[in-house]
Amino acid sequence: MRIGYLQFDPTFGEVARNLDRVTAHLEQVEADLIVLPELFATGYQFVSQAEVMDLAEPVPDGQTTIRLAEIAARRGMTIVAGLAERAGTRCFNSAVVVGPKGFLGCYRKTHLFFEETLFFTPGDSGFRVWDIGPAKIGVMICFDWYYPESARTLALQGAEIIAHPSNLVLPNCPDSMVTRCLENRVFSVTANRVGREARGGKDPLTFIGLSEVVSPRGRILHRAPREGEELAFVDIDPAEARSKALNAYNDLLRDRRPSLYGA
Ligand SMILES: NC(=O)CCCC(N)=O
């Protein structure tokens, strides 16, 4: 099974242009699963609620989901991509899952970071897993990584690969995903963006790149540079994420003691 990411540098607000640039990359892809960054078509540093409402789209009938579903069907692959979702008067920081047969579902970011809390509604979808044929994938978005419950919940639901659209600005995620994968015995694909944004007189944000695929044994199978766009794929066997046995006596998920874990 071939999985990977597009590390991308969007131009803020230029949705059609960003979509065109991304789809040009995707037309070259021969893979089973590709992950795109969080908010890949809009950019990240919104300055007002009105701006978010203007740039956000309905799911699945908005242009971004439609375009990605068309490509997924044509290329016979699954795409997980972050986007700003408009649902009535609310906006969510979401990720859509589209496959060879069309739209599969949408995850709404559970843990909003920094000024996202001003413009987005905390996600209400809960963590979800989709069977895409060769594997079961779960989705979390960027800052969700900071909460071990995110990856653990997906692993308990049977996720073998965690698709992780991101706009990372803090340094810790790339190395921390080694632990997330090790403790849950899952693969992860973190698709980060690169570049910087300094809008509306706000402090500039520099995105750290370092997109990566990590194995269930905590090996970094491939990591992108800090800067520059990169399309990268790794051939994996998702079966490596099915057994949670550490040895003849320990099973990572069976041996949990939730009655002793408190809230
Ligand atoms: N967009 C984000 O959720 C950033 C989260 C903080 C980090 N890990 O960079």
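Both ligands and their constituent atoms are indexed starting at 1 by order of listing. As the structure is a computational prediction, the values presented were derived from the model and not from experiment.
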- Task: Give a yes/no on ligand 1: does Lys109 have at least one heavy atom closer than 4.0 angstrom to it?
- Result: yes
- of all protein heavy atoms, closest to atom 2 (C) of ligand 1 is Cys142 SG, 2.9 Å
- Item | Side-chain ion pair, Asp235 and Arg2, N-O less than 4.0 Å | yes
- Task: Taking side-chain contact (heavy atoms from CB on, under 4.5 Å) as the test, write out the residues that go with Ala73, two or more places apart.
- Result: none
- Task: Could you tell me whether some N/O pair between Leu168 and ligand 1 is separated by less than 3.5 angstrom?
- Result: no
- Message: Between Arg108 and Asp124, does any side-chain N to carboxylate O distance fall below 4.0 Å?
- Response: yes
- Looking at Asn167, which atoms of ligand 1 are within less than 4.0 Å of one of its heavy atoms? 1 (N), 2 (C), 4 (C)
- Query: By number and element, which atoms of ligand 1 are closer than 4.0 Å to a non-hydrogen atom of Glu116?
  - Reply: 1 (N), 2 (C), 3 (O)
- Salt-bridge present (Arg75, Asp32; N to O < 4.0 Å): no
- Return a yes/no value for Val169: is any of its N or O atoms, backbone included, closer than 3.5 angstrom to an N or O of ligand 1? yes
- Check if Phe114 has a non-hydrogen atom at a distance under 4.0 Å from any atom of ligand 1. no
- Task: Ignoring hydrogens, just give me the one of Trp145, Tyr146, Phe143, Tyr44 whose non-hydrogen atom is nearest atom 8 (N) of ligand 1.
- Result: Trp145
- Salt-bridge present (Arg242, Glu160; N to O < 4.0 Å): yes
- Query: Hey, are Asp20 and Arg67 close enough for a salt bridge, meaning a charged N less than 4.0 Å from a carboxylate O?
  - Reply: yes
